[in-house]
Amino acid sequence: MEVPRVGHSVSSPTSPCEDMIKNLSLDAIQLCEREGNKSLDSGIAEMEELPIPQNIKISNITCDSFKICWDMDSRSKERITHYFIDLNKKENKNANKFKHKDVPTKLVAKAVPLPMTVRGHWFLSPRTEYTVAVQTASKQGDGDYAVSEWSEIIEFCTADYSTVHLTQLLEKAEVIAGRMLRFSVFYRNQHREYFDHTREAQNNKMLPSVKDNSGSHGSPISGKLEGIFFCCNTEFNTGKPPQDSPYGRYRFQLPAEELFSPKTNLYFADFYCMYTAYHYVILVIAPKGSSGDEFCKQRLPALDLANNRFMTCSEDEDGRLVFHHAQDLILEVIYTDPVDLSLGTVAEISGHQLMSQSTVNAKKDPSCKTCNISVGR
């Protein structure tokens with residue numbers, strides 16, 4: 001790592017950092033863009049050494065914030081006016097050792113009591129590994145800065161979306177959900193080999209698998225929740241499932257009450273699009289008391305089975321279960337337990353296999369104003 005010489009003064013009378021420092025509150029940190037490759041070796045001044053931050057600790061990590069603190073010896077501690085923090089995405093094992101002059105951005109904060117909260121959705125993303133290093137600085141009368149050497153580099157990873165963030169996504173999805181249409185079956189499309197393997201090697205049961213990385217980058221179910229993917233959307237003019245599918249020409253179909261009933265809980269998991277006009281909502285159905293149910297209770301907003309804007313299960317006057325889905329959203333439903341093929345039927349569809357509409361590991365459009373919230377994407 002290249003570091004400025006101890007006791008050097010940083011000359012920045014016209015730097016954008018200077019303007020930002022003037023606007024910082026005691027607990028606020030703002031992003032400062034550095035111009036070109038200006039070296040911190042400019043503006044040399046002889047003065048006593050500033051303490052180097054030691055034993056850096058990161059805590060209270062969320063998807064777009066964290067707390068940071070460190071130890072310092074008492075030498076010239078009272079002269080510290082600011083902290084400089086280098087925060088970088090950890091791209092790979094060989095990218096941890098950065099040269100300061102190559103770092104395009106710097107976080108600048110007034111010297112406040114530690115721990116300090118770093119928050120900013122414009123430079124922090126969920127589920128992302130970062131490296132961080134700190135140096136202390138003292139603002140001089142002529143506008144220059146004396147700085148310490150850089151601390152050691154610490155690594156950490158930001159968290160998933162919390163239920164607060166997911167509730168924000170839920171509320172945005174409700175806006176465009178549209179009216180509710182009746183449906184009666186869940187269905188799952190796959191290749192014939194999938195169903196052959198299910199019969200021959202899995203005792204006729206479709207088994208849950210780990211959710212892929214499609215959807216929002218901060219989704220707490222991606223790569224963690226195990227489940228089986230189903231659809232329930234129907235065609236407007238027929239009230240039946242569409243005959244086209246991006247996932248395979250063979251379809252397993254079963255009555256909706258086999259998966260969705262008062263014996264299950266329903267959770268909202270995600271809202272996203274893939275650079276198209278179509279928007280997707282991921283819902284999770286979990287049998288009450290199951291391991292999947294316990295996972296979701298801790299991480300996802302629960303929905304009222306009979307009263308929500310996405311997918312409902314209610315009783316009619318005769319006590320029979322009736323089901324409805326939102327017209328203007330494509331619902332991806334994850335069921336968290338094994339499903340026996342004997343509960344439904346497998347048949348070949350008559351339509352096309354539309355591979356371009358597959359959402360397997362699909363990346364969310366970060367620029368869409370409809371389905372993004374003000375945290376890391």
Side-chain angles (χ1 to χ4, degrees), residues 160-188 211 214-216 218-222 225 227-236 239-241 254-273 278-290 292-337 339 359 364 368 370-373 375:
D160 299 330
Y161 283 163
S162 68
T163 53
V164 173
H165 300 119
L166 289 172
T167 298
Q168 294 176 19
L169 279 177
L170 183 158
E171 292 170 350
K172 291 180 76 72
E174 287 178 331
V175 173
I176 68 164
R179 68 190 187 98
M180 304 294 282
L181 301 178
R182 190 161 179 170
F183 75 98
S184 60
V185 298
F186 287 104
Y187 54 96
R188 172 176 173 79
K211 162 77 170 60
S214 60
S216 300
S219 172
I221 67 171
S222 294
L225 178 67
I228 306 171
F229 170 85
F230 285 93
C231 300
C232 68
N233 287 83
T234 59
E235 292 182 322
F236 175 78
K240 297 180 180 180
L254 77 169
E257 57 266 25
E258 295 290 351
L259 302 185
F260 193 27
S261 73
K263 296 180 181 180
T264 61
N265 284 323
L266 181 65
Y267 299 91
F268 175 90
D270 203 1
F271 176 43
Y272 72 101
C273 71
Y278 300 109
H279 277 84
Y280 299 79
V281 161
I282 300 178
L283 303 175
V284 180
I285 300 175
K288 291 182 177 179
S290 66
D293 191 35
E294 293 304 314
F295 177 95
C296 293
K297 278 182 180 178
Q298 301 173 30
R299 298 168 176 84
L300 305 179
L303 298 173
D304 186 323
L305 265 64
N307 184 24
N308 69 79
R309 296 295 308 278
F310 309 116
M311 186 176 73
T312 61
C313 169
S314 58
E315 291 188 359
D316 62 14
E317 295 178 353
D318 298 324
R320 292 174 298 189
L321 296 179
V322 293
F323 306 91
H324 293 83
H325 71 83
Q327 174 184 340
D328 296 335
L329 294 167
I330 299 176
L331 301 183
E332 298 183 316
V333 181
I334 297 174
Y335 187 75
T336 61
D337 273 15
V339 176
T359 62
K364 180 174 183 176
C368 178
T370 300
C371 61
N372 281 296
I373 56 177
V375 296

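Just so it is clear, the model here is predicted, and its values are computed rather than measured. Heavy-atom basis, side chains included; hydrogens, waters and symmetry copies ignored.
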Listing, residues 168-179 side-chain donor-acceptor contacts under 3.5 Å, not counting sequence neighbours, or none:
unit_1, atom_1, unit_2, atom_2, d
Lys172, NZ, Lys369, O, 3.2
Arg179, NE, Gln327, OE1, 3.0

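For the atom pair Glu235 CD and Leu181 CG, the distance stands at 11.5 Å (nearest 0.5 Å). Atom CG of Asp304 sits about 9.0 Å away from atom CG of Leu266, to the nearest 0.5 Å. Atom SG of Cys313 and atom CZ of Phe260 lie 5.0 Å apart (nearest 0.5 Å). Remark: Phe323 CZ to Thr234 OG1 distance equals 14.0 Å, nearest 0.5 Å. Once rounded to the nearest 0.5 Å, the distance linking CG of Leu225 with OG1 of Thr336 reads 7.0 Å. Between the CG atom of Leu259 and the SG atom of Cys232 there is a distance of 10.5 Å, given to the nearest 0.5 Å.
Residues that satisfy the side-chain contact (heavy atoms from CB on, under 4.5 Å) test with Thr312, not counting sequence neighbours, are Met180, Asn308, His324. With sequence neighbours excluded, the residues that form a salt bridge (Lys or Arg N to Asp or Glu O under 4.0 Å) with Asp293 are Lys297. Asp316 pairs by the salt bridge (Lys or Arg N to Asp or Glu O under 4.0 Å) definition with Arg320, not counting sequence neighbours. With sequence neighbours left out, Asn233 forms a side-chain contact (heavy atoms from CB on, under 4.5 Å) with Tyr187, His325, Ile330, Leu331.
Here the side chains of Ile285 and Phe230 are not in contact, with every heavy-atom distance at 4.5 Å or above. Contact check for Ile282 versus Ser219: no side-chain heavy atoms found under the 4.5 Å cut-off. In this structure the side chain of Lys211 reaches within 4.5 angstrom of the side chain of Ile334, judged on heavy atoms. Side-chain contact between Pro287 and Tyr335 is present, with heavy atoms from C-beta onward closer than 4.5 Å.
Between Pro220 and Asp160 the shortest heavy-atom distance is CA-OD2, 3.5 Å. The heavy-atom pair separating Ser261 from Leu305 by the smallest distance is O-CD2, 3.2 Å. Between His279 and Cys368, the shortest heavy-atom distance links the atoms NE2-SG, 3.4 Å. Residues Gly292 and Ala286 share a closest heavy-atom pair of C-CB, 4.0 Å. In terms of heavy atoms, Gly289 sits closest to Glu294 at CA-OE2, 4.4 Å.
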Checklist entry - So Glu332 and Leu283, side chain to side chain contact (heavy atoms under 4.5 Å, CB included) or not? Walk me through it. => result CA-CA 6 Å; Glu332 298 183 316; Leu283 303 175; over 6 Å; no
Item to check | Worked check of side chain to side chain contact (heavy atoms under 4.5 Å, CB included) between Arg299 and Ile221 | outcome: CA-CA 8 Å; Arg299 298 168 176 84; Ile221 67 171; over 6 Å; no
Item to check | Chi angles and distances behind the side chain to side chain contact (heavy atoms under 4.5 Å, CB included) call for Thr370, Cys273 | outcome: CA-CA 9 Å; Thr370 300; Cys273 71; over 6 Å; no
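Among Thr163, Leu300, Val281, the single residue meeting the side chain to side chain contact (heavy atoms under 4.5 Å, CB included) criterion with Phe268 is Val281. Exactly one residue among Tyr272, Phe271, Phe229, Phe310 makes a ring pair (Phe, Tyr, Trp, His ring centres under 6.0 Å) with Tyr280. That residue is Tyr272.
Legend: salt bridge (Lys or Arg N to Asp or Glu O under 4.0 Å) pairs involving residues 254-267, not counting sequence neighbours: none detected.
Taking the six-membered ring for Trp and thresholds of 30 and 60 degrees, Tyr161 and His165 have ring planes inclined between 30 and 60 degrees apart.
Panel note: side chain Asp270, backbone Ser216; a donor-acceptor pair is recorded below 3.5 Å.
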